[in-house]
K.L.:
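Below is the structure I would like to discuss, written out as structure tokens.
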Amino acid sequence: MNRRTDIKSQLKDLYSKDSTKSALASVVSILIGLAVGGIIIILVSVFNSDIGLKGGIEGLKLILFGVFSRGRDAAGNLVFGFNPVNIGNLLFRATPVIMTGLSVAVAFKTGLFNIGAPGQYLAGTAATLILALKIPSEIIPPVVIWIIAFLGGMAAGALWGAIPGVFKAYLHINEVLACIMTNWIAANAVTWIFENSSLRNGGESGKVGFIMKTTANGVATAKLGLDKLFPGSQINGGIFVAIIFAVLVYVLITKTVLGYEMKACGYNRDAAEYAGIKSKRMIVFSMAFAGALSGAGAALYYLSGNTEFFWSTYQSLPSEGFNGIPIALLAGNNPIGVIFTGAFMSILSVAGQQLKNLTPYNEYITNIIIGIIVYLSAFSLVIKGFISSDKRLVRRKSDTSDVSTHSDGEIIAEAQSQSEEGGNT
């Protein structure tokens with residue numbers, strides 16, 4: 001009996017934690033998004049005779065289990081099972097968005113909205129490719145070139161992220177506006193840099209507007225045996241680098257003085273300044289650090305050796321940068337949570353591709369699902385309120401309305417209890 005009571009007490013304590021409620025709110029957002037997406041799939045199948053209800057059910061299966069899809073059998077039925085290509089590709093696609101998710105989460109911790117991740121990602125891309133392809137591998141070992149290119153991508157992203165940080169800290173210009181401008185400046189600058197570059201891929205027929213792969217200079221991220229676990233996929237050791245970064249960012253934010261100062265600035269900048277924290281310096285550092293993470297995401301993606309960069313970016317911005325926003329929101333800005341939400345977004349991406357290849361649907365249905373999930377994640381506080389069903393405010397109002405029925409000692413005890421609860425929060 002005591003053991004059962006202890007388990008119930010532990011579960012209650014776990015449920016009462018804010019992080020648990022944040023995770024549950026994210027799960028609710030995801031489930032609602034999937035449910036709405038499923039309804040859309042069924043409605044499309046009902047009103048489209050070319051698809052039919054059977055096609056709608058197949059679409060639902062692919063949305064939920066597309067990463068395990070193995071195509072169709074001889075009879076035309078969908079076959080599911082372990083698919084090393086899909087799983088390897090989802091881990092590969094998750095790598096850059098985990099990094100941009102960390103970028104957005106770090107800025108949020110300091111009270112900043114880093115919508116400039118796409119521009120920082122582009123700056124990191126340009127620096128990485130130039131260094132990886134221009135440094136002669138005949139003189140310098142490819143491993144050393146990889147490290148230089150990776151660090152160069154981080155440095156370029158940090159520089160580009162620091163610009164809106166400086167504007168915010170010293171000129172009081174809203175970081176969202178500054179980030180939007182730096183995004184498009186980066187898009188046009190990168191286009192200009194590569195327009196007449198010798199790095200453009202002209203050796204393959206039909207290749208127009210692409211930069212050479214880094215393997216042209218013998219530079220590529222090590223597979224670390226993952227290509228044997230997931231043969232035929234694009235996976236490499238970059239996923240391990242992204243996970244290590246997530247753990248390091250978590251330690252930085254939760255276990256160090258610097259992380260405490262970043263969070264203090266995010267909670268109340270004036271109070272942080274009064275406590276001796278250099279808030280302006282912290283704003284610039286936070287945005288530069290966020291930019292470095294976005295630049296690292298770009299470096300990991302293009303140093304893989306199996307991806308090509310479309311150099312004409314002046315008309316569009318990389319989706320990896322914007323995808324970092326919903327990933328951070330769904331994770332509650334928790335760096336460890338970003339790993340899982342980044343993987344989830346990649347699962348939907350793979351499912352959308354399977355939906356396009358195996359059914360009459362197109363992959364944009366998964367974009368609708370992601371959009372709904374993102375929309376709901378913005379209301380995570382409301383969802384957390386429903387989950388927690390916290391009645392303390394109502395109880396306190398009732399208690400203070402009839403203080404005459406309490407003794408002085410009871411009133412003091414209640415005040416102390418409320419103070420402790422506020423401090424714990």
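Everything quoted here is computed from the prediction, not taken from an experiment. Worth knowing before you read on, the calculation uses all heavy atoms, side chains too, and leaves out hydrogens, waters and symmetry mates.
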K.L.:
Which donor-acceptor pairs under 3.5 Å do the side chains of residues 145-155 make with protein atoms, sequence neighbours left out?
P.N.:
{"unit_1": "Trp146", "atom_1": "NE1", "unit_2": "Thr221", "atom_2": "OG1", "d": "2.9"}

K.L.:
The criterion is salt bridge (charged side-chain N to carboxylate O under 4.0 Å, His left out); which residues satisfy it with Glu175, sequence neighbours excluded?
P.N.:
Lys168

K.L.:
Applying side chain to side chain contact (heavy atoms under 4.5 Å, CB included), name anything that partners Leu226, two or more places apart in sequence or on another chain.
P.N.:
Leu229, Phe230, Ile235, Ile239, Phe240

K.L.:
Under the side chain to side chain donor-acceptor pair (under 3.5 Å) rule, collect the residues that match up with Ser304, sequence neighbours excluded.
P.N.:
Asn306, Thr307

K.L.:
Kindly write out the residues that satisfy salt bridge (charged side-chain N to carboxylate O under 4.0 Å, His left out) with Arg70, not counting sequence neighbours, or none if the list is empty.
P.N.:
none

K.L.:
Can you tell me which residue among Leu91, Val338, Val241 is in a side chain to side chain contact (heavy atoms under 4.5 Å, CB included) with Ile98?
P.N.:
Val338

K.L.:
I need the full list of ring pair (Phe, Tyr, Trp, His ring centres under 6.0 Å) pairs touching residues 321-359, with sequence neighbours left out, sorted by first then second residue.
P.N.:
none

K.L.:
Strictly by ring pair (Phe, Tyr, Trp, His ring centres under 6.0 Å), give each pair with a member in residues 106-131 just once, sequence neighbours left out.
P.N.:
Phe108-Phe113

K.L.:
Not counting sequence neighbours, which residues clear side chain to side chain donor-acceptor pair (under 3.5 Å) with Ser286? List them please.
P.N.:
Thr110

K.L.:
Just list the side-chain donor-acceptor pairs under 3.5 Å for residues 250-261, sequence neighbours left out, or say none.
P.N.:
{"unit_1": "Thr254", "atom_1": "OG1", "unit_2": "Tyr250", "atom_2": "O", "d": "2.6"}
{"unit_1": "Thr256", "atom_1": "OG1", "unit_2": "Leu252", "atom_2": "O", "d": "2.4"}
{"unit_1": "Thr256", "atom_1": "OG1", "unit_2": "Gly259", "atom_2": "N", "d": "3.1"}

K.L.:
With sequence neighbours left out, write down each residue that passes ring pair (Phe, Tyr, Trp, His ring centres under 6.0 Å) with Phe309, or none if nothing qualifies.
P.N.:
Phe194, Tyr302

K.L.:
For residues 60-69, which side-chain N or O atoms pair as donor and acceptor with protein atoms under 3.5 Å away, sequence neighbours left out?
P.N.:
{"unit_1": "Ser69", "atom_1": "OG", "unit_2": "Gly71", "atom_2": "N", "d": "3.4"}
{"unit_1": "Ser69", "atom_1": "OG", "unit_2": "Gln354", "atom_2": "OE1", "d": "3.2"}

K.L.:
Which pairs pass side chain to side chain donor-acceptor pair (under 3.5 Å) with one or both residues in residues 269-281, sequence neighbours excluded?
P.N.:
Glu273-Ser279

